[in-house]
Amino acid sequence: MTLRLLFDEIRSNIKKISNDLGYPIVEFDVSEAAKPEFGDVSCNIGFLLAKPIKKRPSEIAEIIANEYQKRKRVFVSEVNVHASGYLNFVANHSAFIESVMQSSVRQDYGKFDLGQNSKIVVEHTSVNPNKALHIGHVRNIVIGDTMARILHKACYDVRILNYVDDSGLQVADIVIGFKYGGFDSKPPQNQKFDHYCGDTVYVNITERYGKEPILAEKRTMVLKELEEGNSEVAKFGDEITRRVLEEQLKTCWRLGVTYDCLNFESQIVRSRLWNVVLEKMKSMGLIYLESEGKNAGCWVIKSDSETEEDKILIRSNGVATYIAKDIPYATWKLGILEDPFYYKQYTVQKNGRILWETTLENTETKLNFTGDTVITVIDSRQSRLQKIITKIIEDFKSKGKSYVHLGYESVTLSSDTAKNLNLETEGKSVQMSGRKGIYVNADSVLDILGKKTYDEVKKRNPDLDDALLIKIAEQVAVGALRYAMIKQDLDKIITFDMTESLSLEGDTGPYIQYAYARSVRILEKSDKTPAFDVSFNDLNTSYEKNLVKIIGKFDIQVEDSAKNLSPKLIARYCYDLAVYFNSFYEHVKVLTAESPEMINARLCLVWSFKETLVKALSLLGIDAPYRM
RNA sequence: GGGCCUGUAGCUCAGCUUGGAUAGAGUGCUGGACUUCUAAUCCAGUGGUCAAGGGAUCGAAGCCCUUCGGGCCCGCCA
């Protein structure tokens, strides 16, 4: 019995009692008690029935409590009425603890069958392949990757996609840099190619457009050639794109992120999927040829409201707009149209997962990366566009809610960090911009964090060899960055400050990892293997009870997080686990407990905690080092 | 002008979906705890007109309306 089973029992009993008493049906809430002194579980049914049956909440709670006493109650030891009107329950300690301990050591603990193996696509990252990933991209990547892991835990069949926009202006810009801007396509020694393209070539070329009209002229031409795909420029563009992509992926893998398939925009364009979608939209009457007004001669999507502008899909000169690349891609992800692609293996990733890529050449390999539901992780500046796509897809599928835009607010740079980039902002934070060179690269942050944690781990663990120190430092650096990017609500702006992000205390990834290392250490120092076939009744301090209770909540957290597409709930859960463990650690001695039985019982609890934490952290993509 | 998001402690944020018990963390500041399973820790104190006003409710940080402050989006660019 985890907490969920306790809730379920109380819920069904109250429902029965209320029904037997002839009360009207109300949507009452059964939830964890707000404070320990109230008990373990609370129910608000008294408040809800107060009006319909004209009794005071506490009076109703009293009646139900009396009735509850008469019923069979296996997992509830006490039913109390609070003067406020709440109905409070105390769990049967021995039954509860026994069940949490047993279930928490199971390999699949925390799993909750919400998805019933239905296919779900998560698309994230999707960074233009002309630059290195900066910390703003990291937020996207971490949200997408974490969500994918949580959905998998909630029994969805998850496919992860990364969309490579290799035919856009940004790629054209660096192609121009190499072809006409005088840049060598070999980066200076020791510099990653993506850093070189983004930090040097891209920033330089966009700056020169104003002064050198010849470069600007080349732009349109290069862009066209990239889309069409047969020219020498297109081949060169493809080569450059792939070199950048490879370096970007290295950063993603460093963060513990993997994918199933890379989708190249150029191929979507060249596959002519757009024409099929267009004809279908015309025949379904989803788009209109405007005959008058400022949009005369354009195919448009009519807006619902009067104030919102219509969205142009095809210009009066017959050329499709940007959104025309997104719509066929969205239909492809949902498997609405016949798949024009073949697939070939890009690489095998570190975790053994094969990464595929789309191709238009017939490789005789047909795979399926579509889903019944598609989640697209894009920052909320794209909300308007995503709303249009969602609407069109709904018209296509008529099934509703199959295309979900998971939006999030952007990452800005604090004024201090901006100052380090020679940018004076008068104390205000500033939006990042790849074009203007205002950003902090993900690799740099990880390197700086890694250096700091390396020194710290070495100081604390002088006995460890260097290779291990480096590994631990990297795990802590990644943990710190991933946690910082995921703990906050999606619609809050994250202001990134380099100095602040180096803090590893308090509500941080390393704090949680540290709790794990402590638990491992206890188990390591004990010469006994914990035996679980005993009674745990003696674990009855508040520190122990709290820890058991939080461990017992894991599957509920997974459910909530998956249902609400809210990855931060798992981050908070990990933090709470660590807080309760640290408190236990300081107040309750394990290895020097009063009896061998007590030592064993507490070792079991530590083991349970360790297993649960490592599973929860893995949903965040954070490794837990055993020493730090 | 329209749309989306946001405003809770000095600072950074939980809580708001689904109204209910004394509004919680981290950080900062003050003080305390290492001969002890790792002090990246723990414990105590400090700190709040939940932006403002109104409404419905027995009851509002939460729901509705208005106002104000902050951010983002609204091209026959991508």
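Order of the sequence lines sets the chain letters (A, B, ...), proteins ahead of strands, with each chain counted from 1.
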Q) Which nucleotide sits closest to the side chain of Tyr322(A): rC72(B), rU38(B), rA78(B)? A) rA78(B)
Q: Name the residue closer to the 5' end of RNA chain B, choosing between Arg627(A) and Ser316(A) according to the nucleotide with the nearest heavy atom.
A: Arg627(A)
Q) Phe581(A) ring centre to Arg518(A) NZ or CZ under 6.0 Å, with the angle to the axis within 45°? A) no
**Q.** Phosphate contact (rC74(B) OP1 or OP2) by Arg381(A) side-chain N/O below 4.0 Å
**A.** no
Q | Any donor-acceptor N/O pair under 3.5 Å between rA14(B) base and Asp576(A) side chain | A | no
Q) Any side-chain N or O of Ser583(A) less than 4.0 Å from the OP1 or OP2 oxygen of rC43(B)? A) yes
Q. Taking OP1 and OP2 of rA40(B), is either one under 4.0 Å from a side-chain nitrogen or oxygen of Arg460(A)?
A. yes
Q. Below 4.0 angstrom from OP1 or OP2 of rA14(B), is there any side-chain N or O of Lys492(A)?
A. yes
(Q) Quick check on rU38(B): is either OP1 or OP2 less than 4.0 Å from any side-chain nitrogen or oxygen of Lys525(A)? (A) yes
Q) Can you tell me if Asn295(A) and Glu290(A) form a side-chain donor-acceptor pair at under 3.5 Å? A) no
Q) Does the aromatic ring of Tyr86(A) sit over the six-membered base ring of rA21(B), closer than 5.5 Å centre to centre and tilted less than 30°? A) yes
(Q) Do Asp497(A) and Ser414(A) pair up side chain to side chain, a donor and an acceptor below 3.5 Å, judged on atom types alone? (A) yes
Q) Looking at Lys35(A), does any N or O in its side chain come under 4.0 Å of the phosphate oxygens OP1/OP2 on rG24(B)? A) yes
Q.
Need to verify one output field. Residue with the more 5' nearest nucleotide on RNA chain B, Ser410(A) or Ile472(A)?
A. Ile472(A)
Q) What nucleic acid atoms does Ile312(A) come within less than 4.0 Å of, heavy atoms only: base, sugar-phosphate, or nothing? A) base
